[in-house]
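Bear in mind the structure is a predicted one, so any value in this text is a computation, not a measurement. Here is the naming used below: chain letters follow the sequence lines, and residue numbers restart at 1 for every chain.
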Amino acid sequence: MAKNKLVLIDGNSIAYRAFFALPLLSNEKGIHTNAIYGFTMMLMRILEEEKPTHMLVAFDAGKTTFRHKTFGEYKGGRQKTPPELSEQFSFLRELLDAYNIKRYELPEYEADDIIGTLAQQAAKDDYEVKIISGDKDLTQLATDKITVDITKKGITDVDSYTPAFIEEKYGLNVDQIIDMKGLMGDSSDNIPGVPGVGEKTAIKLLKEFGTIETLLESIDKVSGKKLKEKLEDNKEQAIMSKQLATIMTEAPVEVTVEELLYEGFDKKKVVDIFKELSFNSLLDKLGEDGETVTEDLEDISFEILEEVKEEHFAKENFFMVEVLDENYHRADIQGIALVNETGNYFIPTEVALQSEEFTAFASDHKRKKTVFDAKRAIVALKWKGIELNGIDFDFIIASYIVNPSETSTDLAEIARKKGYYQIETDEAVYGKGAKRAVPHQQKVADHLVRKTFAMQEMKESFIHELKDNEQLELFEELEMPLTLVLGEMEALGIKVDKARLEEMGTDLGEKLEKIEEKIFDLAGEKFNINSPKQLGVILFEKLGLPPVKKTKTGYSTSADVLEKLAEKHEVIQQILHYRQLGKLKSTYIEGLLKVIHEDSHKIHTRFNQALTQTGRLSSIDPNLQNIPVRLEEGRKIREAFVPSHEDWVIFAADYSQIELRVLAHIANDEKLIEAFKEDADIHTKTAMDVFHVSEDEVTSNMRRQAKAVNFGIVYGISDYGLSQSLGITRKDAKIFIDRYLESFPGVKEYMEDSVLDAKDKGYVTTLLHRRRYLPEITSSNFNLRSFAERTAMNTPIQGSAADIIKKAMIDMANRLEEENMKSKVLLQVHDELVFEAPKDEIEKLKKIVPEVMEQAVELKVPLKVDYSYGSTWYDAK
DNA sequence: TCGCGCACGC
DNA sequence: GACGTACGTGCGCGAA
């Protein structure tokens with residue numbers, strides 16, 4: 001039988017080591033994790049390399065120990081444990097429990113003593129013993145059976161102290177370690193030793209005399225007058241120091257070595273903790289062991305329906321429509337799962353689609369459905385002609401609301417964070433990239449039913465969390481209804497004039513060719529203008545222009561750099577123009593042509609409702625939130641966006657200065673509130689206050705600068721960011737910001753409070769209780785911290801504005817329906833809603849759109865909406 | 001396939 | 001003083 005091997009870990013020592021060796025990491029909720037992380041790394045290494053049969057982590061038990069009776073000041077003058085470390089100990093204990101590793105502490109004794117006692121007992125029973133610590137004191141325990149690993153730099157790099165190693169390193173035998181320490185003392189434990197005696201002297205003396213006791217007896221033989229005096233004066237102190245440094249090997253430890261048996265860890269629990277602490281790299285490591293957490297799936301029973309019947313439905317249903325295509329518009333459905341009190345079912349797509357019972361169930365508002373990714377299910381079914389109603393809970397939304405930094409879009413990952421493992425990731429089942437494939441029906445059915453069943457298991461927990469966060473209303477009254485509105489917008493799509501786009505494309509192509517020729521001519525050679533690398537070589541090497549800025553990979557050729565060089569060479573203007581037109585052609589003309597739907601001749605974007613950290617939406621495939629508007633040439637693209645019926649119009653309405661109005665409200669700043677109540681030009685008003693001038697003294701330059709400052713406030717940019725946008729120094733930018741804050745003391749106070757609030761709670765909130773966690777707000781890294789601070793100031797502003805327009809979208813959809821109108825909302829562009837409307841509804845829209853949008857919430861300042869309409873999106877200006 | 005530089009919107 | 005700086009999406013390039 002293989003020999004028993006006991007590993008004893010000095011818990012406090014290793015935790016300290018890890019804490020100071022690693023930067024102050026934290027998870028998304030702001031819990032610091034560096035000590036736990038380092039400790040875990042060490043633990044994983046030990047388990048792998050040492051393969052112990054027995055294991056224990058010993059901790060110090062508290063403030064006083066028996067050593068304090070000998071010497072009151074023992075460990076005196078020690079720095080208090082940093083709170084960032086102490087908060088980690090409870091997780092460490094949890095982690096050890098998950099690993100099934102015994103931990104132990106004993107009042108009045110230190111971890112050293114526990115380790116010493118057990119090490120000797122085990123050695124006596126012929127165990128091989130390994131001790132892990134960062135404290136060299138432990139080396140006194142080394143024998144031929146006990147090896148002491150002391151961490152060097154970091155935590156995983158160690159020196160193994162054996163008697164031979166000690167002999168070689170110090171020229172002393174193991175027993176003399178305590179004598180050495182007695183002479184040297186130890187400042188960290190406040191052990192005095194003999195003043196003036198360090199490692200070198202101590203070793204020299206011990207080589208000659210053997211022990212402190214014999215040294216003190218034969219003190220006359222010591223060479224060197226000073227040294228002799230010091231030894232004389234500190235005789236008792238030296239003996240006491242030796243005593244303090246001696247590890248007690250007969251502590252009243254109540255566990256036996258046999259009880260320390262290590263039989264492997266509880267993978268589920270460990271994974272759970274890793275997830276909670278965001279130890280993603282360690283999670284991967286666990287996976288590499290070949291035992292993925294999904295291996296131990298328990299069988300789940302379900303019925304594959306060949307016919308859907310009324311008896312399969314219940315009032316509360318968990319429902320999943322599997323659409324594997326990332327783009328769910330007109331995509332295949334791989335199957336449908338249904339879990340409720342009557343049972344677990346898989347409904348093959350073809351069965352569902354032709355079943356009247358199923359269609360009736362899907363469209364029934366009273367049959368409540370909990371789903372994962374409601375919009376995907378609604379839109380995919382809509383393309384198949386099936387209406388899906390009654391959805392009142394979407395996991396993707398719930399997960400995003402409780403923590404928007406939670407990026408996983410896979411139910412399995414969300415489930416694992418909740419400690420539920422009876423489910424595989426989609427990637428594990430379907431593969432990814434080129435390997436993506438749909439397995440046989442039984443497997444798909446099993447996977448789908450598992451996912452659906454998982455929702456049933458986790459729903460309560462999410463509701464609980466939403467309630468705790470005071471976010472249930474945000475979830476139920478805002479985000480869930482919004483999902484339905486967005487689904488309708490996406491499915492409806494927006495009509496584009498394909499011929500117009502193609503025409504513009506041809507036109508752009510010709511222009512680009514001409515510019516290209518000019519550029520090659522001016523540069524004296526042909527090259528790829530679209531390659532920043534090649535362009536850099538031409539501009540900064542061949543033409544000898546001065547490089548303004550560098551990037552990681554070479555010269556920067558960005559627009560702001562080129563603009564600085566425009567005077568110096570004709571080619572620059574041409575390049576800027578080439579870039580501008582090239583962007584239009586590739587991204588907007590070709591990009592949009594590619595996504596025009598074959599059947600509907602429309603463009604169907606997808607709004608991501610669970611992505612941004614601020615609560616805004618995003619739009620993909622295509623992105624219809626960044627269609628050019630600033631420059632005329634680009635703005636023309638909007639001519640291709642047209643109503644879907646003849647004699648209809650595009651009607652666009654946007655909030656005026658919504659973020660600054662929100663700021664006025666949240667900050668409760670009198671001056672800002674007043675300005676909006678008067679409906680003043682806010683940039684002019686800002687300029688008046690910042691530059692202390694009257695309205696007619698505000699120059700266009702002052703207004704421009706004030707506008708940039710307002711822009712900075714809204715988007716939370718730094719003084720550096722402002723300096724870049726204004727082309728001034730960072731110092732001057734800071735002066736601007738400071739003057740702004742002096743002019744608006746309410747805003748200043750809000751900014752300060754917001755940062756304090758974030759530090760205190762770890763997150764900031766919006767008007768409608770949306771949250772954003774900011775763990776880095778306590779970082780010692782200036783950049784990370786500054787960024788978090790600006791985010792703390794900015795997110796409530798941007799996020800509340802997002803809340804408001806979302807609310808307006810829901811109200812708008814309801815109002816249009818109530819009024820029996822044909823007009824539809826097509827797009828949302830952050831502060832703007834785009835409609836299509838029959839001409840005879842224009843007058844009514846002019847009344848109700850501003851009304852609904854302005855009344856979406858009530859603030860201390862009025863909300864203002866501007867609108868316009870025309871035969872294309874371009875004309876709605 | 002991926003990271004990068006660049007550019008479009010709010 | 002720190003050293004890279006609102007939020008997004010999508011394109012072409014060039015290295016792997």
Q: With a 4.0 angstrom cut-off to heavy atoms of chain A, pull out the first and last contacting nucleotide of DNA chain C, in 5'-to-3' order.
A: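 Both ends considered, the range comes out as C:dA2 to C:dA15.
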Q: Answer yes if the ring centres of A:Tyr874 and A:Phe641 are under 6.0 angstrom apart, and no otherwise.
A: no
Q: For residues A:Phe736 and A:Tyr740, establish whether the separation of their ring centroids is below 6.0 Å.
A: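 They do not qualify: ring centres at least 6.0 Å apart.
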Q: Does A:Asn528 reach a base, just sugar-phosphate, or nothing at all? Heavy atoms under 4.0 Å.
A: sugar-phosphate
Q: Any base atoms under 4.0 Å from A:Arg730, or only sugar-phosphate, or nothing? Heavy atoms, all strands.
A: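 Touches a base.
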Q: Base, backbone or nothing for each nucleotide of nucleotides 5-10 of chain B, written B, S, -, heavy atoms under 4.0 angstrom, 5' to 3'?
A: SSBBSB
Q: For a side-chain hydrogen bond (donor to acceptor under 3.5 Å, both in side chains) with A:Thr766, tell me which candidate from A:Thr614, A:Asp803, A:Thr795 qualifies.
A: A:Asp803
Q: Give me the distance, rounded to whole Å, that separates B:dG9 from C:dA6 when you measure between the C1' atoms they each carry.
A: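 Each nucleotide's C1' atom is 13 Å from the other's.
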Q: Distance from A:Gln613 atom CD to A:Tyr773 atom OH, nearest 0.5 Å?
A: 12.5 Å
Q: Please verify the inter-ring angle class for A:Phe651 with A:Phe835; under 30° counts as parallel, over 60° as perpendicular, anything in between as tilted.
A: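 If you compare the ring of A:Phe651 with that of A:Phe835, the planes turn out perpendicular.
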Q: Pick base, sugar-phosphate or nothing for A:Asn783, based on heavy-atom distances below 4.0 Å to the nucleic acid.
A: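 A:Asn783: base contact, heavy atoms under 4.0 Å.
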Q: Got a second to check how far A:Glu633's CD is from A:His577's NE2, nearest 0.5 Å?
A: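 Answer for the CD-NE2 pair, A:Glu633 versus A:His577, is 4.0 Å.
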Q: Please work out if A:Tyr720 contacts a base, only the sugar-phosphate, or nothing of the nucleic acid, heavy-atom cut-off 4.0 Å.
A: base
Q: When all nucleic acid strands are considered with a 4.0 Å heavy-atom cut-off, which category describes A:Asp719: base, sugar-phosphate, or nothing?
A: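 If one applies the 4.0 Å heavy-atom cut-off, A:Asp719 turns out to touch nothing in the nucleic acid.
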Q: To the closest 0.5 Å, what do you measure between CG (A:Asn327) and CZ (A:Arg606)?
A: 4.0 Å
Q: Determine the contact category for A:Ser619: base if any of its heavy atoms lies under 4.0 Å from a base atom, sugar-phosphate if only primed atoms, P, OP1 or OP2 are that close, otherwise nothing.
A: sugar-phosphate
Q: Classify the nucleic acid contact of A:Ser718 as base, sugar-phosphate or nothing, counting any heavy atom under 4.0 Å across all strands shown.
A: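 Since a base atom lies under 4.0 Å of A:Ser718, the category is base.
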Q: Check whether NZ of the Lys or CZ of the Arg A:Arg730 lies under 6.0 Å from the centre of the six-membered ring of A:Tyr720 and within 45 degrees of that ring's axis.
A: no
Q: Any chance you could measure A:Gln828, atom CD, to A:Thr605, atom OG1, to the nearest 0.5 Å?
A: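 Spacing of CD (A:Gln828) from OG1 (A:Thr605) equals 11.0 Å.
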Q: Check every strand shown and say whether A:Gln613 touches a base, only sugar-phosphate, or nothing at a heavy-atom separation below 4.0 Å.
A: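 The answer is sugar-phosphate, as A:Gln613 gets under 4.0 Å only of primed atoms, P, OP1 or OP2.
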Q: Using the P atom as the reference point in each nucleotide, state the distance between B:dA7 and C:dC3 in Å, no decimals.
A: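 Per the computed distance, 27 Å lies between those P atoms.
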Q: Could you write out DNA chain C as a dot-bracket string, with dots for unpaired bases, | for bases paired across to another strand, and Watson-Crick or G-U pairs counted at under 3.5 Å?
A: ......|||||||||.
Q: Mind checking the NZ-CG spacing from A:Lys542 to A:Leu535? Nearest 0.5 Å is all I need.
A: 12.5 Å
Q: For atom P, what is the distance between B:dC6 and C:dA2, given to the nearest Å?
A: 24 Å
Q: Between A:Asn710 and A:Thr686, is there a side-chain donor-acceptor contact under 3.5 Å, judged purely by atom types and distance?
A: yes
